[in-house]
Number of protein chains: 2
Amino acid sequence: MQQYNARGVHGQTVEVLAQRILDGRMPEGSTLDLTALQSEFDVSLTVLREALRVLAAKGMVDARPKRGTFVRPRANWSLLDADVLRWQFARSPHRPGLFDDLHELRAIVEPGAASLAAARATDTDIEALDAALADMAAAGDDPSAAVAADLAFHRALLAATHNELIQRMEVVIETGLAERDRMVHGTAGADDPVPSHKAVVDAIRRHNPAQAARAMGKLLDQAIEDVARLERTQHEDRQD
Amino acid sequence: MQQYNARGVHGQTVEVLAQRILDGRMPEGSTLDLTALQSEFDVSLTVLREALRVLAAKGMVDARPKRGTFVRPRANWSLLDADVLRWQFARSPHRPGLFDDLHELRAIVEPGAASLAAARATDTDIEALDAALADMAAAGDDPSAAVAADLAFHRALLAATHNELIQRMEVVIETGLAERDRMVHGTAGADDPVPSHKAVVDAIRRHNPAQAARAMGKLLDQAIEDVARLERTQHEDRQD
DNA sequence: CTGTCAACATATCTTCGTAATTAATGAAGA
DNA sequence: TCTTCATTAATTACGAAGATATGTTGACAG
């Protein structure tokens, strides 16, 4: 999933800086003291520069002679970027509501994608969906296999739209799935996911866009309900 | 709109390299000859490195010792990134269907966003929408003012969802609007945009999500119809 | 004879310290 | 008050040295 596989000490530097900006420890508009950061991370200026260049590419910082390197307004950050999403969830206390935002976007995009897929899916596309469905059924109680199959399903669905931009919304879906997986981690009691997913595939197979969108909407409603129920349970646990 | 405001010779280097990759002149998996590029652009290795670091941050290239720097599979490119979208449209013969893909994504996201906005919009949000509507009416036949008002409208709509991730879909909408603007450039005969936009605002003011979504859908249908009609006209012109 | 594993050599990226360039600032002049 | 110009703080660029993953060779076991 991650895109920016920086090797060497670089990756850490980028991630630490990114998280400081994302969680507000380095507020918008604040200027970065390169010399201080250099000694803090014990790296050369070049390393720091390249780390900042990555963040600049994601709209998070800007550097100008005489003014210094500063954090850009939040409105310019590429929040839909795979790395930025991952960095936000990597630190434990991420922004409240971030998961909800993520899910709302999914709730808009995925039914629409299902509708398009129903109109355009080829036999190959439907085979991929069926395969993901089979994997999901075969996964049983193996959590990692279940997540992998779930991911494959949603990826196959996006691919069936034959729209390259919609396909790239997978970064949002992947992050959403990964985060949900982290939350439910090992907690049993989730419903069987196969029926709801199968309903989507059936609608696509019949090339019925409206039905596909509805089925996908239900699937997502169920998913968010699972998480909500889980959060209630955890909340009760915390009151021991 | 652009995020990566690289200064110096850097910006050109990044853009040229990006376009070569995006249009397929540097195919997926091909390795880049850094030495050749260095002499071609007449820049130092550091400059080239930082340019490639930007592309790496956008998932387009990767560098590994002993293997070299190579173009990553297209599936990893951040096609929803503002710069990547801009670079694609910057060169005249961009991928056929790119505009269509863009519009399909808008057709999915914006009605959903309008629906959410209808549920959540505050008085301030609605004032912003009204202001954009007023600007649109006042623009009259000034194309740049009309585009600015249109952009402000769609931005205000996304803001009214109070969902930060959905708001960042503005990069897609902005690019779509900018490209449409480039296409219609100076050609009159477009319908009055105010009524269709006003219908959306009215639905939001009444906090009627379904109606807002429908109105937004119609607005987008009309927009794509305008472009289609324009393309037919241009096609006829070309047959002189 | 064939397949597996480990140590080695090297091509390539990565990092360093220093020099050049840029643009915001304030003062001087018109 | 506006324009011009030197000042200077900060980024940007350079060429060489350093670090590292990869591919290769050889030996050993099956």
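Order of the sequence lines sets the chain letters (A, B, ...), proteins ahead of strands, with each chain counted from 1.
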Nucleotide [N], atom [atom2] - distance to [atom1] of [X] in whole Å:
| X | N | atom1 | atom2 | value |
| --- | --- | --- | --- | --- |
| A/Glu50 | C/dT15 | CD | C1' | 9 Å |
| A/Gln38 | C/dT18 | CD | P | 12 Å |
| A/Arg53 | D/dT11 | CZ | P | 11 Å |
| A/Leu48 | C/dT14 | CG | C1' | 15 Å |
| A/Arg49 | C/dG17 | CZ | P | 16 Å |
| B/Arg67 | C/dT12 | CZ | C1' | 12 Å |
| B/Leu45 | C/dC13 | CG | C1' | 9 Å |
| B/Gln12 | D/dA13 | CD | P | 12 Å |

**Request:** Spell out, as yes or no, whether a donor-acceptor pair under 3.5 Å connects the side chain of A/Lys58 to the backbone of A/Val84.
**Result:**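 No, A/Lys58 side chain to A/Val84 backbone: no donor-acceptor pair under 3.5 Å.
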**Item:** Side-chain donor/acceptor of A/Trp77 to backbone N/O of A/Arg72, under 3.5 Å
**Value:**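 Checked: pair present.
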**Item:** Lys/Arg-Asp/Glu bridge criterion (N-O < 4.0 Å) met for A/Arg106, A/Glu170
**Value:** no
**Salt-bridge criterion met for B/Glu179 and B/Arg182 (N-O under 4.0 Å)** =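 Result for this pair is yes, salt bridge flagged.
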**Prompt:** Taking the nucleotide of DNA chain C with the closest heavy atom to each, which residue, A/Thr46 or A/Lys66, is nearer the 5' end?
**Reply:** A/Thr46
